[in-house]
2 protein chains.
Amino acid sequence: MKTYKLIIADDHKMFLDGLLSILEHKEDYEIILTANNGKNVAKYLDINSDEDINLVITDVNMPELNGVELNKHIKAKHPHVKTLVVSMLHDALTVQTLTKDNVDGYVPKNAEKEELLTAIETILKGEKYFSQSIKDVYLKGMFSNEQTLMESISKREKEVLKLIAEEFTTQEIADQLFLSKHTIESYRKNLISKLEVRNLAGLTKYAIKLGLLD
Amino acid sequence: MKTYKLIIADDHKMFLDGLLSILEHKEDYEIILTANNGKNVAKYLDINSDEDINLVITDVNMPELNGVELNKHIKAKHPHVKTLVVSMLHDALTVQTLTKDNVDGYVPKNAEKEELLTAIETILKGEKYFSQSIKDVYLKGMFSNEQTLMESISKREKEVLKLIAEEFTTQEIADQLFLSKHTIESYRKNLISKLEVRNLAGLTKYAIKLGLLD
DNA sequence: TATAAACTCCCTGTAAACAGGGTGCTTTTA
DNA sequence: TAAAAGCACCCTGTTTACAGGGAGTTTATA
C-alpha cells in the first residue's frame, strides 16, 4: 500500500490537532510537516523539492502567506503537489481565485470528517473535490455581477479606493501617490460610477467588501 | 475519580471532531451532547436541568444562538453550569460582554491542546481561566476608549449614522427623519468629533463596526 | 501591429461636507 | 431638584466632493 506524504497548514492549533488526530491513525498518510502559516510551507517545498509531497491541506486565513497565495505558489512552482483548502465558507471571489489557480479541492470546516477523508482520497486519485456548499458559493458568484465589478477595478483604482476608505482627502492621496489631484478625482469619479455608489460612504463599504482594509 | 459531564457546541464539525478526539480518551470527561448551534444546548439544559452538566464548551459564532447569548442564558438559568468559550480571537467588546455575563473562561482556537485541557481542569476546580491573548484583548479594550465611545452614542445619533453609511445626503436624512437639515449637520459633526474620524468614510466604517448595517 | 484598457491629467461648475461656533427645550439621573 | 445629557435648531465660512465633460500616453494583448 502506498503511503502519501501530507503537509497541513492552519494557524488554529486546536484545529490542527483535530486534523492530525483524524489522519494520524490512517496508515497510508504520513504527515511530513505542520505549519501555522503559508510561508513555512512554501519554504519547505522550495528547499525540499526532491521530496515528493503529495498533498498540502491548507486554511485560507493565515498570517505571513495566506491559503490563496500559498496555493498559487504551489501550483506555479510545484505543480505535482495537490492542494486541498479546508476553511470557513468564503466569498465567491476567493473560491474563484482558488479554482482559477487550479486548487484541487475545497471543503468547509463545518464538514463531517468523513467528507474530508473522501476529499483527500479523491484528490490523491487525481480528481478534484469540492463540497456542495462551495459549489453553491461559486455558482452564486458566477451569476451575480459582483465579481465582474471586482474584476473591472484596476490595481491603481484599488490603491486609490483603499486610501479613500482610510479617510484621506483627494489632495492627500495625490501627494502619497505622487499624482495630480485631478487624477485622483478621476479615479474617485470612475469608482463611484463603476461600483454604482453615491459617495465616500458607498466607496468605503466596497473597500471593506473587497478586503482592502485591515 | 469523579467524572465530569460536558457539552460542546461548535458549528465547525471538523473542529468538533478534533475536540472530541482530544477529550474522549480522557476518562474523567463524559461528553453528554454536541451541538452545532447554541439553541440546542439551551434547550437541552432547560429540559434536563436535573442532570448535572458541569461544563459547556462553546464557540462564539454559531447559527440560531451564538456563544455570547448562550453563555448569558446559561448563567441566568443554570448558574451552576460552567462555561468555556473556545473561539477565534474576538474584539474587546465581545470579551467584555462575556466576562460581564460571568463566563468562566476563554481560550482562542489557535491555542495548544494542552492549554485547553488546563483551562477545562482549572474551570472545573471552580476557578476562571483566560488565555493571555484574551486578557490582552480585554485590557486593550479597557484602556482604549472604543467601547466607551460606542456607549456614548445616543439612539438618535446611531439612527443618523446608519443613514449616513447608507449613502443618504444630509438633506435626504433630514427629510426621512422630519428634521431640519441643520440638525442632521449637527449630528454628523458630533459623530465625527466623538468617533474621532475625519469624514464619511470613517463614519461608515464605524457604522459597520457597530453593526448598524446589514 | 492595431486596439483596447489602463493610467494620467485638465477644466467648469454645483452641491455637499466639514469646522466652529451658538441657543433653547426636554428628559434622565445623581 | 439641580446638573448632565440628549435633542433639535441656527449661523458663517471654507474645503472637499461630486457631476460631466475632454484628452494624451503608456501598456498589455489579441
Side-chain angles (χ1 to χ4, degrees), chain A residues 72 76 93 97 100-101 145-208 210 212-213, chain B residues 145-208 210 212-213:
Chain A
K72 196 172 186 174
L93 190 64
T97 308
K100 200 163 41 179
D101 290 343
N145 52 1
E146 189 147 310
Q147 91 297 337
T148 338
L149 282 179
M150 289 183 183
E151 274 166 19
S152 76
I153 302 169
S154 72
K155 200 174 276 183
R156 200 52 148 175
E157 282 173 330
K158 276 182 195 161
E159 209 174 351
V160 173
L161 180 56
K162 179 174 183 283
L163 292 169
I164 288 174
E166 282 172 351
E167 296 168 58
F168 293 107
T169 65
T170 300
Q171 186 61 62
E172 287 167 344
I173 296 171
D175 293 343
Q176 280 186 57
L177 300 181
F178 303 105
L179 292 174
S180 154
K181 169 186 156 183
H182 300 293
T183 309
I184 307 302
E185 279 184 339
S186 290
Y187 279 119
R188 196 190 50 233
K189 197 173 21 177
N190 288 335
L191 283 166
I192 284 176
S193 148
K194 273 189 189 175
L195 300 177
E196 292 173 306
V197 296
R198 298 181 68 187
N199 54 28
L200 288 191
L203 290 179
T204 305
K205 286 189 282 182
Y206 241 99
I208 292 170
L210 286 167
L212 299 177
L213 303 177
Chain B
N145 43 10
E146 189 148 310
Q147 88 298 336
T148 338
L149 283 178
M150 289 185 184
E151 277 163 19
S152 77
I153 301 169
S154 71
K155 200 174 277 183
R156 199 54 149 172
E157 282 173 329
K158 277 181 195 161
E159 209 174 351
V160 173
L161 181 55
K162 179 174 183 284
L163 292 169
I164 288 174
E166 283 174 349
E167 297 169 55
F168 293 108
T169 66
T170 301
Q171 187 60 61
E172 287 168 344
I173 296 170
D175 292 345
Q176 279 186 58
L177 301 180
F178 303 105
L179 293 174
S180 153
K181 168 185 158 184
H182 301 292
T183 307
I184 307 302
E185 281 183 340
S186 289
Y187 279 119
R188 196 190 50 232
K189 195 174 23 178
N190 288 335
L191 283 166
I192 285 177
S193 147
K194 272 190 188 174
L195 300 177
E196 292 173 308
V197 296
R198 299 180 69 188
N199 53 29
L200 286 191
L203 290 179
T204 304
K205 286 189 283 182
Y206 242 100
I208 291 170
L210 287 166
L212 299 177
L213 302 177

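Throughout, a chain's letter reflects where its sequence line sits, starting with A, and its residues are numbered from 1. Please read all numbers here as calculations on a predicted model, not as lab measurements.
A side chain to side chain contact (heavy atoms under 4.5 Å, CB included) with Ile153(B) holds for exactly one of Leu195(B), Val160(B), Asn190(B), Leu212(B); it is Leu195(B).
Residue-to-nucleotide contacts include a donor-acceptor pair under 3.5 Å from the side chain of Ser186(A) to the base of dC10(C). Remark: the Lys189(A) side chain and the dG20(D) base include a donor-acceptor N/O pair separated by less than 3.5 Å.
Among the nucleotides dC18(C), dC7(C), dA17(C), the one closest to the side chain of Thr169(B) is dA17(C). Distances from the side chain of Arg156(B) to the nucleotides dA8(D), dA6(C), dC18(D) place dA8(D) closest. The side chain of Ser154(A) has dA6(C) as its nearest neighbour among dA17(C), dA17(D), dA6(C). Here dC10(C) is the nucleotide among dC10(C), dG6(D), dC18(D) with the atom lying nearest to any side-chain atom of His182(A).
Between the CZ atom of Arg188(A) and the P atom of dT15(D) there is a distance of 17 Å, given to the nearest Å. Between the OH atom of Tyr187(B) and the P atom of dA19(C) there is a distance of 19 Å, given to the nearest Å. dA19(D) atom P lies 11 Å from atom CG of Leu200(A), rounded to whole Å. As a whole-Å value, the separation of Ile184(A) CD1 from dC18(D) C1' is 16 Å. Put simply, CD1 on Ile164(B) is 14 Å from P on dA16(C), counting in whole angstrom units. Taking atom NZ of residue Lys194(A) and atom C1' of nucleotide dC18(D), one finds them 18 Å apart after rounding to whole Å.
Within a 6.0 Å radius of NZ in Lys72(A), no more than 12 heavy atoms belonging to other residues, nucleotides or ligands are found.
Between Val197(B) and Thr183(A), the residue whose closest nucleotide on DNA chain C is further toward the 5' end is Thr183(A).
At least one side-chain heavy atom of Arg198(B) sits under 4.5 Å from a side-chain heavy atom of Phe168(A).
Summary of helix geometry: the two end axes of the helix from dT1(C)-dA30(D) to dA30(C)-dT1(D), each defined by five base pairs via their C1' atoms, are inclined to each other by 70° (rounded to 10°).
By the 4.0 Å N-to-carboxylate-O rule, Lys189(B) lies too far from Glu185(B) to be salt-bridged with it.
Under the 3.5 Å distance criterion, the side-chain polar atoms of Glu167(B) are left unmatched by any main-chain donor or acceptor of Ala201(A). Side-chain atoms of Thr183(B) do not come within 3.5 Å of backbone N or O of Leu179(B) as any donor-acceptor pair.
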